[in-house]
Amino acid sequence: MEHNSIIDYFLYNASEHGSQTAAKTKIDGSYRDVSWAEMADESKKLALGLVQLGVQPEDRVSIISSTCLEWILVDMGILWAGAVTVPIYPSNLPDECQYVVENSDALVVFAEDADQVEKFIAERERLPGLKKIVQMKGEVKADKEWVITWAELQALGGDESVLDERRASLNRDSFLTIIYTSGTTGRP
């Protein structure tokens, strides 16, 4: 297998070291091992869900979350769908989140929890291009048509061959991430 992109390396590790521990995550106070195969499976479901939402190659998808295993899974899912990851600082205020989403033309936002979702709800009128918010953790409390859960996104499923096509189109020069500065002296 030729490795032309980050997702190729990720999937190579999943195929070669599937049952081995790739990460540890804390659940209910205890650490649990997560295998390469589990990470690849979760990321594939996210990628298929994004495709079902209409995300096309090089479309932008944002993540607003603290560092966690889910952040990595989302990033790999976005890349596998051929899209571009646009991280947003979890400390950003609602208008700053709105600016990044609008400026980058993000179609979907992955928000860590209900508190992060509220930032986008507060700016909804100024986010006409944002199709969906995927709440990564917790119960969805707001606008259940615009905000869906992690499990609901993964349940969308789809034809896996589209992921093979998108993955094959990636190369070492593919556009993967847009990083906005902190904006400490104004807009990033």
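Throughout, numbering of the chain's residues begins at 1 and tracks the sequence. Just so you know, these numbers use all the heavy atoms, side chains as well, and skip hydrogens, waters and symmetry mates.
Side-chain atoms of Glu42 and Gln154 form a donor-acceptor pair, as typed in the model, at a separation below 3.5 Å.
Note: Ser35 OG to Asn13 CG = 12.0 Å, rounded to the nearest 0.5 Å. Distance check: Trp36 CH2 to Asp41 CG gives 15.0 Å after rounding to the nearest 0.5 Å. Between the OG atom of Ser43 and the CG atom of Leu48 there is a distance of 11.0 Å, given to the nearest 0.5 Å. Here the straight-line distance linking atom CG of Leu69 with atom CZ of Arg32 works out to 8.0 Å at 0.5 Å rounding. Between the CD1 atom in Ile88 and the CD atom in Glu112 there is a gap of 13.0 Å [rounded to 0.5 Å]. Interatomic distance, SG of Cys97 versus CD of Glu118, reported as 12.0 Å (0.5 Å rounding).
Smallest separation of non-hydrogen atoms from Met39 and Val34: CG-CG1, 3.6 Å.
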Going through the checks in order, is the side-chain contact (heavy atoms from CB on, under 4.5 Å) test met by Val147 and Ile121?
-> CA-CA 9 Å; Val147 183; Ile121 298 294; 4.2 Å; yes
Derivation and outcome, side-chain contact (heavy atoms from CB on, under 4.5 Å), residues Leu11 and Arg167 | CA-CA 10 Å; Leu11 296 175; Arg167 180 176 157 211; 3.5 Å; yes
Hey, mind stepping through Trp150 and Leu73 against side-chain contact (heavy atoms from CB on, under 4.5 Å) and telling me if it holds?
-> CA-CA 11 Å; Trp150 176 280; Leu73 298 173; 4.1 Å; yes
Given Lys137 and Glu70, is the side-chain contact (heavy atoms from CB on, under 4.5 Å) satisfied, shown in steps?
-> CA-CA 9 Å; Lys137 298 175 183 175; Glu70 291 83 2; 3.5 Å; yes
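At least one donor-acceptor pair closer than 3.5 Å links the side chain of Lys119 to the backbone N or O of Pro90.
Between Arg126 and Glu102, no side-chain nitrogen of the basic residue sits less than 4.0 Å from a carboxylate oxygen of the acidic one, so the salt-bridge criterion is not met.
The one candidate from Asp75, Leu153, Thr85, Ile133 that meets the side-chain contact (heavy atoms from CB on, under 4.5 Å) condition with Phe110 is Leu153.
Remark: Ile6 CD1 is loosely packed, at most 12 non-hydrogen atoms of other residues, nucleotides or ligands lying under 6.0 Å away. Counting non-hydrogen atoms of other residues, nucleotides and ligands closer than 6.0 Å to CD of Glu139 gives a total of 12 or fewer.
Hydrophobic clustering keeps Val109 apart from Leu93 (ILVMFWY residues linked when any side-chain heavy atoms are closer than 4.5 Å, directly or through intermediates).
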For a quick test of your reading: what N or O donor-acceptor pairs under 3.5 Å do the side chains of residues 49-65 make, sequence neighbours left out?
from: Asp59; atom 1: OD2; to: Gln56; atom 2: N; distance (Å): 2.7
from: Arg60; atom 1: NH1; to: Glu58; atom 2: O; distance (Å): 2.6
from: Ser62; atom 1: OG; to: Val86; atom 2: O; distance (Å): 3.1

